[in-house]
Colleague: 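This is the structure, below, for whatever I ask next.
Every number for a ligand or one of its atoms is a count from 1 in the order of the listing. Here, residue 1 is the first one in the sequence, and each next residue gets the next number.
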Amino acid sequence: MRSLDDFACGKLEALERARLRRSPVVTARDGIFVERGGRRLLSFSCNDYLNLSGHPAVIKAAITAAERYGVGAGASRLVTGNHPLYDELEDALARLKGTEAACVFGSGYLANIGIIPALMGDGDLIVLDELSHACIYAGAKLSGASVHRYRHCDVGHAEALLAEHRTAHARALIATDGVFSMDGDIAPLNALSQLGNRYDVWLLADDAHGLGVVGGGRGSTFVNGSARSPIDVPLQAGTLSKAVGAYGGYLCASQAVIDLMRTRARTFIYSTGLPPAIVAAAIAALDLIERDPAYAGEPLRKARLFTRALNLPEAQSAIVPVIVGDAGAALAASDILRDNGFLVIAIRPPTVPTGTARLRFAFTALHEDGDIARLAEIVRQQILRR
Ligand SMILES: Cc1ncc(COP(=O)(O)O)c(C=O)c1O
């Protein structure tokens, strides 16, 4: 239709002018390297922090499951898609996170847009960190609750919002990333948990980038707590697509909350179950994470080599941002690194706030210390000095 295409072309032209147009580039991953645009590049843009997506035991588990159960799940989990591997995966997640139960969703994004509207509705209150991931925003919007944002990691501001609004609403939720996806810092979960208890507000932390990486691999609730008494976060969401190297999302919580998800979360009910091979891969990867907390510490060690070399604030996770400002400058910086053999994707608005376009470096266990030193040197000489 003419008006439809005119609309799309107009939007695309405006994005192009602002250097904000995006399109997928064919990329073949090969361990920590990628083949892209005819070049072989060392990638610092994969969230496969433990390189488990290519681990022989993980691949073997996927192949065995596909052979045994077929490729697709065939139906939603409440129909016939709940193949036998799901119980094992949910038990493994609950054990690793120290919760009563867990529920697996189709992806991390689907988890949050299912969980939040299953708990919150019209007349309820959601207070969220302004840098929360897009799927937290989407879930909050879908729920119909009133949504207020607090300044990034500012517990005082969160408290001020609760003091002002809490009593006017039946139920309330604080939502935040555990490890922030574009900044790499960790939410003040202990303080948020205490705030939640004071105001009778439920706390949801999305640990997509924490699981497998911080807290001995158990995630951000274990960073300042101990293995025996992690920080009390009643709703622990996350993904199986990053350090776990597979796919899918999860919620770890009490048995009652998980039972509610299984009967009310729309993205659980009305979407086909994950392929058995993916569930088997996630089980194998979680087993590796649980058995080797020292290996899980490697991405953070590598990230800290980089931040020390550049005198940046010490990395708190595997993610390190170098903020360059406008979108064009971020693209140019990414090109410089590409010309030196590295893939570091420029992250631009609306993924990050206007004026904070950046290079986002993601470190993995298998990056070589020498390559990190070389990368840091190029960043120092050719990007930070410009
Ligand atoms: C904090 C956060 N939550 C959720 C997601 C979505 O997870 P998934 O890729 O499994 O949909 C991401 C990234 O993709 C993320 O960074």
Colleague: Heavy-atom contacts with Y109 under 4.0 Å: which atoms of ligand 1 show up? List them by number with element.
Modeller: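 Reading through ligand 1 atom by atom, the close ones are 6 (C), 7 (O), 8 (P), 11 (O).
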Colleague: For atom 4 (C) of ligand 1, what is the closest protein heavy atom, and at what distance to 0.1 Å?
Modeller: D206 OD2, 3.3 Å
Colleague: So which atom in I174 and which in L192 form the shortest heavy-atom distance, rounded to 0.1 Å?
Modeller: CD1-O, 4.0 Å
Colleague: For K242 and ligand 1, does the shortest N/O to N/O distance drop below 3.5 Å?
Modeller: yes
Colleague: Can you find a non-hydrogen atom of G249 under 4.0 Å from ligand 1?
Modeller: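 Distance cut 4.0 Å: G249 fails for ligand 1.
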Colleague: Is the shortest heavy-atom distance from the side chain of W202 to the side chain of R171 under 4.5 Å?
Modeller: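 With C-beta onward as the side chain, the pair touches.
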Colleague: Compute the centroid of each ring, for H152 and then for F180, and state whether the two points are separated by less than 6.0 Å.
Modeller: yes
Colleague: What about H209: any of its N or O atoms under 3.5 Å from an N or O on ligand 1?
Modeller: yes
Colleague: Against heavy atoms of T239, which atoms of ligand 1 measure under 4.0 Å?
Modeller: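 In order of number, 7 (O), 8 (P), 10 (O).
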Colleague: Show which atoms of ligand 1 fall inside a sub-4.0 Å distance from at least one heavy-atom site of A208.
Modeller: 1 (C), 2 (C), 3 (N), 15 (C)
Colleague: Check for me, please, whether Y137 and I115 land in the same ILVMFWY cluster - side-chain distances under 4.5 Å, paths through other members count.
Modeller: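 Yes.
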Colleague: Taking distance alone, with N or O pairs closer than 3.5 Å, would you say Y247 contacts ligand 1?
Modeller: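 No; every N/O pair is 3.5 Å or more apart.
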Colleague: If you count the atoms of ligand 1 from 1 in the order shown, which ones are under 4.0 Å from a heavy atom of S181?
Modeller: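 Selected atoms, number and element: 16 (O).
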Colleague: Side-chain heavy atoms nearer than 4.5 Å, only ILVMFWY residues, links allowed to pass through others: does that put I32 and F44 together?
Modeller: yes
Colleague: Aromatic ring centroids of Y49 and F363 under 6.0 Å?
Modeller: no
Colleague: Give a yes/no verdict on a cation-pi contact between R166 and Y199, requiring under 6.0 Å between NZ or CZ and the six-membered ring centre and an angle within 45° of the axis.
Modeller: no
Colleague: Please report the shortest heavy-atom distance between A65 and L85, naming the atom on each side.
Modeller: CB-CD1, 3.8 Å
Colleague: Go through ligand 1 atom by atom and flag the ones less than 4.0 Å from a non-hydrogen atom of C135.
Modeller: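 Every atom of ligand 1 under 4.0 Å from some heavy atom of C135: 3 (N), 4 (C).
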Colleague: Short list, please: which atoms of ligand 1 are under 4.0 Å from a heavy atom of S241?
Modeller: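 Reading through ligand 1 atom by atom, the close ones are 8 (P), 9 (O), 10 (O).
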Colleague: Using a 4.0 Å cutoff against the non-hydrogen atoms of G108, which atoms of ligand 1 qualify?
Modeller: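 What qualifies from ligand 1 is 6 (C), 7 (O), 8 (P), 10 (O), 11 (O).
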Colleague: Tell me the protein heavy atom at minimum distance from atom 15 (C) of ligand 1, and give that distance in Å.
Modeller: H133 CD2, 3.2 Å
Colleague: I'd like to check C103 versus Y250 (side-chain heavy atoms, cut-off strictly below 4.5 Å). Are they in contact?
Modeller: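 No, every pair of side-chain atoms sits at 4.5 Å or beyond.
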